[in-house]
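Notes follow the structure.
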Amino acid sequence: MSLIATDQLKIVIGLGVTGVSCAQLLAGKGENFIVVDTREQPPLLEQFSRDYPQVKVVLGPLDAQLLATASELILSPGIAKDDAAIVYALSRGALLVGDIDLFCREVSAPIIAISGSNAKSTVTTLVGDMAKCCGLEVGVGGNLGTPVLDFLQQPHKDVYVLELSSFQLETSNDLRASVATVLNITPDHLDRYDNDFQKYYQAKHRIFKGCKNVVENLDDVLTHPLVAKNVPIYGYCLGASDFKIFGLLNVEVDACMQEHLALAKQPLLATSKIKLPGRHNVINALAALAIGHAAGFEMPGMLQAIENFQGLEHRCQWVANQRGVDYFNDSKGTNVGATVAALQGLGPTLKADKKIVLIAGGDGKGADFDDLAEPVASFVKALVLIGTDANKIAASLGAVQIHYATDMQNAVLKAASLASSGEIVLLSPACASFDMFDNYQQRGHVFTDLARNL
C-alpha cells in the first residue's frame, strides 16, 4: 500500500543508480524532495537534470543543517550512515531509510530476503529459478540484477527474491520478510565498518527484523538469529538431515552408495545431478531448498531447478581447458571467505596428486588473510599474486610456492606455466578489484579471455 504524499521534505542522498530510482519513485508520488551528492559532477547528473528539471540537486560535502530539515533521509548503499552530517540530522529527528524500505511500502507480495558474505547471488538466482519451476511469477533482484524499485514498473509478481547487502540492510527498518536468511558470515567490508566485525555482523542480522520464517546454516553459528520463539526456523548443513533440516544421506543404488540431498532422512536428489562442481555448490543447493521449502514451494519444481542450474558468471565458472588444465573464473570471490569456499569446493574434486594454481590479490578492504592458510596448504600448488595487497597475502601464508605478477596477462601466463594436466588454474582473488579494474566483472572477463586464448 502506498503512503500518502506530504509536504514534509525528503532528501535522497546519492545520485547513483539507486538514488535515481528512489527519486523517480518520489517524483511519481508527488513527494516534496531534493537530491544531494558529495561529488561535484555525478555521472548521472546531466540525464537526471533533463528528466527532472524541477528537482533541486545540491552537490559537494553534505550539509548537516540542510539534512536536518528533512523528515526522511533516503540513503544510497554506497554512502556510510556514520557521516557526521547524517548523524547530526538523525539526532534532530530525521528518519534514515533506503530503497528496500521504499519498496516494502509499495508491495504486498511475499519477500524472500537473502544475505551472507558469500554465495548470496548464486542462492538468490537458484531460489528464483525454483519459483519459476513451481509456476510462480517471480522478481529476482536487489543487490543482484534488477534494482528493487524497478519492479514497481513491472506487472505484479507472486513473490520477490531479493539479494541484500549489508549496506542495504543498514537502512532497512521495515523489511518483514516472508523468509529471511544469512547464508554465512565471514569478515568483509571491514573498511566500511572501521575494522569492527561486530558492526558488520549486526548489519547482516537486520534482515531478520519482523521476519515470518528463518533459514539458518547449521554449519555457521553466526547465521543463527535472535528471533521470537514462535518464528519457525528451518536449517541446512553438510551433515545428516532431520525434521526441518536439509542435509545429506547416503543411499544404496545399484549396489553402490550414492550421496543424496535429503530432508527428514528421506532422499531427494543425488548430489551427482548437481551440474556445478564442488562442495560449496552442494551447500548452496541445500540452502536454496531450505529457503524454498520455508516459502512453501513445491518439492518437484525445486529439484528440477537444481538439476537445470548452470551457475553464474564469475562464480567458480568453468571457462576453458588448455592442455588438460581447467580454468575457473571466481572473480566474484572478493573476500577471504569466498576464496576459502572455492578452494574447499574445487580441491577435493582433483586426484590426490593434483593441485590448484591460485591467482589472488587486489584490494583486501582491510581484511587479514590468515584463514587462507589452511585451504592453501591443503589444495594449492602455487600462488600467483597481483594487486595492492599481494605482499600482505604472502605474509599470511606458510611454505607455499609464491609468484608475483604485474597484471592479469602476466598472472595467467605464469599460472599456465605452473599447472600440469589434470590440475586447475583458479582466479579467486579474496580481494576487491578496484585497484586494477573497474569492477569484478571486468576482472573476470579479462581472465576468461586470456584463458581461452592461451
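Values below: all heavy atoms of this structure, side chains included; hydrogens, waters and symmetry mates excluded.
Atom CD of E374 has 12 or fewer heavy atoms from other residues, nucleotides or ligands within 6.0 Å. Counted within 6.0 Å of CD on E298, heavy atoms from surrounding residues, nucleotides or ligands total 12 or fewer; the atom is thus considered open. Within a 6.0 Å radius of NZ in K273, other residues, nucleotides and ligands contribute 12 heavy atoms or fewer. When the shell of 6.0 Å around CD of E137 is examined, it contains 12 or fewer heavy atoms from other residues, nucleotides or ligands. Within 6.0 Å of CZ on R452 lie more than 12 heavy atoms contributed by other residues, nucleotides or ligands.
Salt-bridge annotation for K365 and D363: absent, with no side-chain N of the basic residue lying under 4.0 Å from a carboxylate O of the acidic one. By the 4.0 Å N-to-carboxylate-O rule, E31 lies too far from R105 to be salt-bridged with it.
Annotation for I274 and A285: closest pair CD1-CB, 4.0 Å, computed over non-hydrogen atoms. K120 approaches T124 most closely through the heavy-atom pair O-OG1, 2.6 Å. Contact record, P429 with T339: C-OG1, 4.0 Å, taken as the closest heavy-atom pair. Closest approach of A113 and A177 over heavy atoms only: CB-CB, 3.8 Å. The two residues H293 and M302 make their nearest non-hydrogen contact at N-SD, 3.7 Å. When all heavy atoms of C211 and A180 are compared, the pair lying nearest together is CB-CB, 3.8 Å.
In this structure a side-chain-to-backbone donor-acceptor pair under 3.5 Å is missing from T448 to H445. In this structure, N213 contributes its side chain and S178 its backbone to a donor-acceptor pair below 3.5 Å. Between the side chain of N143 and the main chain of L164, no donor-acceptor pair closer than 3.5 Å is present. Under the 3.5 Å distance criterion, the side-chain polar atoms of D101 are matched with a main-chain donor or acceptor of N173. In this structure, the side chain of D326 does not engage the main chain of I424 through any donor-acceptor pair within 3.5 Å. Side-chain atoms of S71 come within 3.5 Å of backbone N or O of L9 as a donor-acceptor pair. A donor-acceptor contact shorter than 3.5 Å links the side chain of N118 to the backbone of A338. Using a distance-only test at 3.5 Å, with no hydrogens or angles considered, no donor-acceptor pair links the side chain of K132 to the main chain of V127. Counting only distance, with no hydrogens or angles, the side chain of R315 and the backbone of E313 share a donor-acceptor pair below 3.5 Å. When atom types are taken as modelled, the side chain of D37 and the backbone of P42 share no donor-acceptor pair closer than 3.5 angstrom.
Among the candidates L162, V148, I111, the single residue satisfying the side chain to side chain contact (heavy atoms under 4.5 Å, CB included) test with C104 is I111. Of the listed residues (K204, R206, Q168), just one forms a side-chain hydrogen bond (donor to acceptor under 3.5 Å, both in side chains) with S115, and that residue is K204.
Counting heavy atoms from C-beta on, the side chains of P277 and L346 come closer than 4.5 Å. Taking 4.5 Å as the limit, every side-chain heavy atom of T181 sits out of range of all side-chain heavy atoms of I112. The shortest distance between side-chain heavy atoms of V253 and H260 falls below 4.5 Å. Side-chain contact between C431 and F369 is present, with heavy atoms from C-beta onward closer than 4.5 Å. Residues L96 and L73 have side chains in contact (heavy-atom distance under 4.5 Å, counting atoms from C-beta outward). A heavy-atom distance below 4.5 Å is not found between the side chains of E423 and L350. Side-chain atoms of V182 and L222, non-hydrogen and from C-beta on, never get closer than 4.5 Å to each other. By the 4.5 Å heavy-atom criterion applied to side chains, Y236 and I291 are not counted as neighbours.
Atom OG of S396 and atom CG of L372 lie 7.5 Å apart (nearest 0.5 Å). The OG1 atom of T388 sits 10.0 Å away from the CD1 atom of I393 when rounded to the nearest 0.5 Å. Going from atom OG1 of T18 over to atom CD1 of I100 covers 8.5 Å, rounded to the nearest 0.5 Å. The CG atom of L102 lies 11.0 Å from the CG atom of D174; values are rounded to the nearest 0.5 Å. A distance of 9.0 Å separates CG in L249 from CG in L268, rounded to the nearest 0.5 Å. Distance check, rounded to the nearest 0.5 Å: CG of L289 to CG of L261 gives 6.0 Å.
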Could you check Y200 against S117 for side chain to side chain contact (heavy atoms under 4.5 Å, CB included), going step by step and ending with a plain yes or no? CA-CA 10 Å; Y200 175 63; S117 301; 2.8 Å; yes
Applying side-chain hydrogen bond (donor to acceptor under 3.5 Å, both in side chains), run through E163 and S121 and close with a yes or a no. CA-CA 7 Å; E163 174 190 321; S121 294; 2.6 Å; yes
Run the side chain to side chain contact (heavy atoms under 4.5 Å, CB included) check on V282 and L248 step by step: do they pass? CA-CA 9 Å; V282 174; L248 300 174; 3.9 Å; yes
Please walk me through it: do V55 and F48 pass side chain to side chain contact (heavy atoms under 4.5 Å, CB included)? CA-CA 9 Å; V55 176; F48 182 81; 4.0 Å; yes
I would like to know whether M436 and I386 meet side chain to side chain contact (heavy atoms under 4.5 Å, CB included); could you show each step before the answer? CA-CA 9 Å; M436 297 175 71; I386 59 175; 4.2 Å; yes
Verdict with reasoning, D150 to Q154, per side-chain hydrogen bond (donor to acceptor under 3.5 Å, both in side chains): CA-CA 7 Å; D150 288 3; Q154 300 178 8; over 6 Å; no
side-chain hydrogen bond (donor to acceptor under 3.5 Å, both in side chains), that's the test. Do N217 and T223 meet it? Break it down for me. CA-CA 6 Å; N217 178 356; T223 71; 5.4 Å; no
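Partners of Y327 under the ring pair (Phe, Tyr, Trp, His ring centres under 6.0 Å) rule, at least two apart in sequence or in another chain, do not exist in this structure.
A perpendicular orientation is assigned to the rings of Y440 and H314, their planes being inclined by more than 60° (bins at 30° and 60°). Under the 30°/60° scheme for interplanar angles, the aromatic rings of F151 and F103 are found to be tilted.
A cation-pi contact, defined as under 6.0 Å to the ring centre and within 45° of the axis, is absent between K10 and F33.
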